[in-house]
Amino acid sequence: MTMSSSAIDISASPEKLEGWNRPASIAESGDGELLEVAMGPHHPSTHGVFRMDVSLDGERVVRLKPVFGYLHRNHEKIAESISYLASMPYTDRLDYICPLTNNWAYALAVEKLVGQAVPERAEYLRVILGELTRFQNHAGSIGFLIQEMGASGTPLMYAFREREKILDLFEELTGARMMVNYMRFGGCRVDASPAWLEKTRTVVAGLPGFVDEFEALLATNEILVARTQGVGVLKPEVAVNAGVTGAMLRASGVDYDIRKVDSYGIYDRFKFRVPLGDHGDVYDRFMIRLLEMRESIGILQQALKEIPGGPVMDPKAKIRGFRPKPGEAYGRIEAPKGELGFYLISDGGPNPYRYRVRPPSLINLTVLEDMCLGHDVADVVLIFGSVDIVLGEVDR
Amino acid sequence: MKTVEEIKSMIEAAIPGAGVEIASNPNPALPHSLRIAPGCALDVAKFLRDDAELKLDYLSNVTGVDWPNSLEAVYHLYSVEKKHGPVVIRMHTVNRSDQVDLPSLAPVWRSAEFQEREVFDLYGIVFTGHPDLRRLLMWDGFKDHPMRRDYVEPDDFEYEPTAHDEVLKRAEAHRNREQGSEIRDQEDGAMA
């Protein structure tokens with residue numbers, strides 16, 4: 001579509017970033033006046049209640065300021081007034097598309113704080129559930145992206161058909177499709193039955209066919225290519241400096257996957273590749289998600305083959321009267337949306353002194369204005385969709 | 001990855017007079033952090049980002065902590081290039097009431113932009129040098145800082161559709177309490 005992005009130079013060198021010189025705004029054409037538009041909070045493309053205050057010069061965006069807080073309920077304050085375990089079900093409600101990775105990140109942070117070990121089988125279950133979560137998140141986010149491009153329904157329903165199968169697995173194991181409340185400090189709440197594992201193997205065996213179909217349907221589609229290539233370019237040095245993580249960072253060509261860097265859990269046992277983009281545009285972000293889905297299938301197949309028997313909960317893990325020793329810990333995982341971290345300070349009491357969620361969705365939006373400047377307002381919807389956010393996590 | 005002690009001596013060698021102390025984690029099994037004097041925080045931050053050995057180019061997490069006598073800002077740094085971290089740095093304000101300003105590190109790492117706004121919003125730390133310090137989650141007319149431990153929730157009971165005796169009495173008591181203390185009136189100016 002629009003290639004007028006050449007008017008701005010986002011390729012700021014590290015020195016240029018010094019002292020905060022982002023492109024504050026781009027030159028106006030000079031004819032006519034600017035139009036101020038509040039996109040949201042009830043715009044269907046904002047994935048919830050999110051507002052962008054946009055200044056338009058004709059169709060071109062010259063300024064964009066995100067406005068947050070419509071879904072704010074001060075999750076952190078609530079978590080500081082209740083026990084550690086009582087926050088576990090609330091983490092489901094942060095990024096409600098991926099509750100299991102939220103559980104995992106929180107459990108990881110608390111386990112770090114108290115030095116709690118996790119049994120082997122629980123680690124495998126966490127990996128299986130985490131990768132299933134990643135798969136359905138990426139499929140859904142691609143589906144929504146195409147939906148916002150105007151392909152009403154079909155690709156999204158293809159994605160949701162697969163998501164439905166995965167949610168059925170979650171429901172069978174945890175009792176809920178989305179509000180799972182599954183992980184515990186030192187393991188998982190319930191064990192997976194052999195029948196569940198068998199069912200999961202069947203579902204996973206069907207996933208490669210879905211990805212092939214999805215890719216054949218979309219990757220070379222003329223409209224998709226025309227609308228996404230060269231749109232919303234994000235340079236790697238800007239992305240790193242702005243703390244962008246997840247598929248968006250890797251689409252800009254930065255090799256940083258916390259599963260590889262930290263090898264948390266048992267990720268060092270699995271063979272998988274980290275796909276990287278070349279251009280950092282919307283198309284690359286779409287393609288990286290597609291490729292990550294393939295890698296997730298690879299991890300799932302390995303994990304389902306190797307999963308050992310044994311307990312899913314450390315028998316020595318303390319549940320009643322859980323009071324960590326004073327100290328602080330930061331635990332982070334590669335959630336489908338980026339780096340999800342929990343920072344905890346304990347003063348020895350039953351509830352955390354400080355509980356902080358590092359929300360990837362919020363921080364990935366730091367560069368939204370940079371990516372949108374100079375593009376048409378129709379492209380803003382696509383660029384915003386390619387960031388992949390959930391407002392439950394942005395506003396907390 | 002260098003230890004906290006080594007990083008401290010590296011900073012002191014590069015920036016003479018930098019007030020860097022090791023803030024020990026109460027739990028010795030967990031990593032310690034560095035307490036930076038706010039006066040030279042920007043120089044230290046630039047050094048940590050640009051030093052060839054450390055290259056802490058990625059600021060992951062910024063958060064505030066409300067301690068009994070001061071407010072604290074905590075920064076978690078990683079290196080994308082060298083794939084190490086975290087290095088935790090922290091700064092303290094002088095007190096909790098009138099000297100609550102700290103230098104903003106957003107000019108060094110842009111990921112601090114929204115996160116420092118959030119800390120300002122919820123804890124009331126004023127980050128000097130931040131390019132756009134506004135409230136992030138609460139609305140602009142809001143007056144207090146909800147994550148502080150002495151925050152008192154407003155009594156919104158008079159807005160209940162069927163406000164009755166007991167509810168109105170509580171609202172009245174709250175209003176008196178507010179006037180007798182230093183609690184800022186949250187609703188005042190919200191509609192402006």
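In the text below, chain A, chain B and the rest are named by the order of the sequence lines, each starting its count at 1.
For A:Val254, the part lying near chain B is the side chain, with the backbone staying farther off; criterion is any non-hydrogen pair under 4.5 Å. Of the atoms belonging to A:Leu362, heavy atoms from both backbone and side chain fall under 4.5 Å from chain B. Proximity to chain B is absent for every atom of A:Leu71, based on heavy atoms less than 4.5 angstrom apart. Proximity to chain A (any heavy atom under 4.5 Å) is restricted, for B:Asn25, to the side chain, taken from C-beta onward. The contact between B:Val62 and chain A is made entirely by backbone atoms, counting heavy-atom distances below 4.5 Å. Looking at A:Leu365, the atoms closer than 4.5 Å to chain B (heavy atoms on both sides) sit in the backbone and in the side chain alike. With a 4.5 angstrom heavy-atom cutoff, A:Val394 touches chain B only via backbone atoms. Proximity to chain B is limited to the side chain of A:Asn74, based on heavy atoms less than 4.5 angstrom apart. Residue A:Ser346: no heavy atom, backbone or side chain, is found under 4.5 Å from chain B.
The greatest number of non-hydrogen atom pairs below 4.5 Å with chain A, out of B:Arg134, B:Arg135, B:Glu118, is found for B:Glu118. Contact count versus chain A (heavy atoms, under 4.5 Å) is highest, among B:Leu122, B:Asp66, B:Leu59, for B:Asp66. Taking chain A as the reference chain and counting heavy-atom pairs below 4.5 Å, the highest number among B:Pro86, B:Gly64, B:Ala112 is found for B:Gly64. Interface check for chain A: of the options B:Val80, B:Asp57, B:Leu42, B:Val88, the most heavy-atom pairs under 4.5 Å are formed by B:Val80. Among A:Val67, A:Asp255, A:Asn364, the residue making the largest number of heavy-atom pairs under 4.5 Å with chain B is A:Asp255.
With hydrogens and angles disregarded, no donor-acceptor distance shorter than 3.5 Å links the side chain of B:Asn27 to the backbone of A:Pro326. A donor-acceptor distance shorter than 3.5 angstrom exists from the side chain of A:Lys77 to the backbone of B:Arg148, with no hydrogens or angles considered.
Looking only at atom types and distance, the side chain of A:Arg354 has a donor-acceptor partner in the side chain of B:Thr63 under 3.5 Å away. Side-chain atoms of A:Glu339 and B:Tyr58 form a donor-acceptor pair, as typed in the model, at a separation below 3.5 Å.
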Chi angles and distances behind the side-chain contact (heavy atoms from CB on, under 4.5 Å) call for A:Arg358, B:His76: CA-CA 10 Å; A:Arg358 190 251 184 224; B:His76 285 78; over 6 Å; no
Candidate pair B:Glu113 and A:Ile363, rule side-chain contact (heavy atoms from CB on, under 4.5 Å), full reasoning: CA-CA 9 Å; B:Glu113 182 188 358; A:Ile363 295 158; over 6 Å; no
Salt bridge (Lys or Arg N to Asp or Glu O under 4.0 Å) assessment of A:Asp370 paired with B:Arg110: CA-CA 12 Å; A:Asp370 299 45; B:Arg110 254 187 77 187; 2.9 Å; yes
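Around atom CZ of A:Arg273, no more than 12 heavy atoms belonging to other residues, nucleotides or ligands sit under 6.0 Å away.
With rounding to the nearest 0.5 Å, the separation of CG in B:Asn61 from CZ in A:Arg356 is 4.5 Å. The CG atom of B:Leu136 lies 9.0 Å from the NE2 atom of A:His72; values are rounded to the nearest 0.5 Å. To the nearest 0.5 Å, atoms CG (A:Asp257) and NZ (B:Lys83) are separated by 9.5 Å.
Contacts of A:Tyr106 classified as ring-ring contact (aromatic ring centres under 6.0 Å, His included), with partners at least two apart in sequence or in another chain: A:Phe185, A:Phe342, A:Tyr355.
Counting heavy atoms from C-beta outward, B:Pro26 and A:Lys325 have side chains that stay 4.5 Å or more apart. In this structure, B:Pro31 and A:Tyr330 have side chains that are not in contact, with every pair of non-hydrogen atoms separated by 4.5 Å or more.
For A:Tyr353 and B:Trp67, the ring centers are positioned less than 6.0 Å apart.
For residues 32-41 of chain B, the interface with chain A (any heavy-atom pair closer than 4.5 Å) comprises B:Ser33, sorted by residue number.
Looking at every heavy atom in both residues, A:Tyr256 comes nearest to B:Ser79 through CE1-O, 3.9 Å.
Geometrically, B:Arg117 does not engage A:Phe68 in a cation-pi contact, judged by NZ or CZ lying under 6.0 Å from the ring centre and within 45° of the ring axis.
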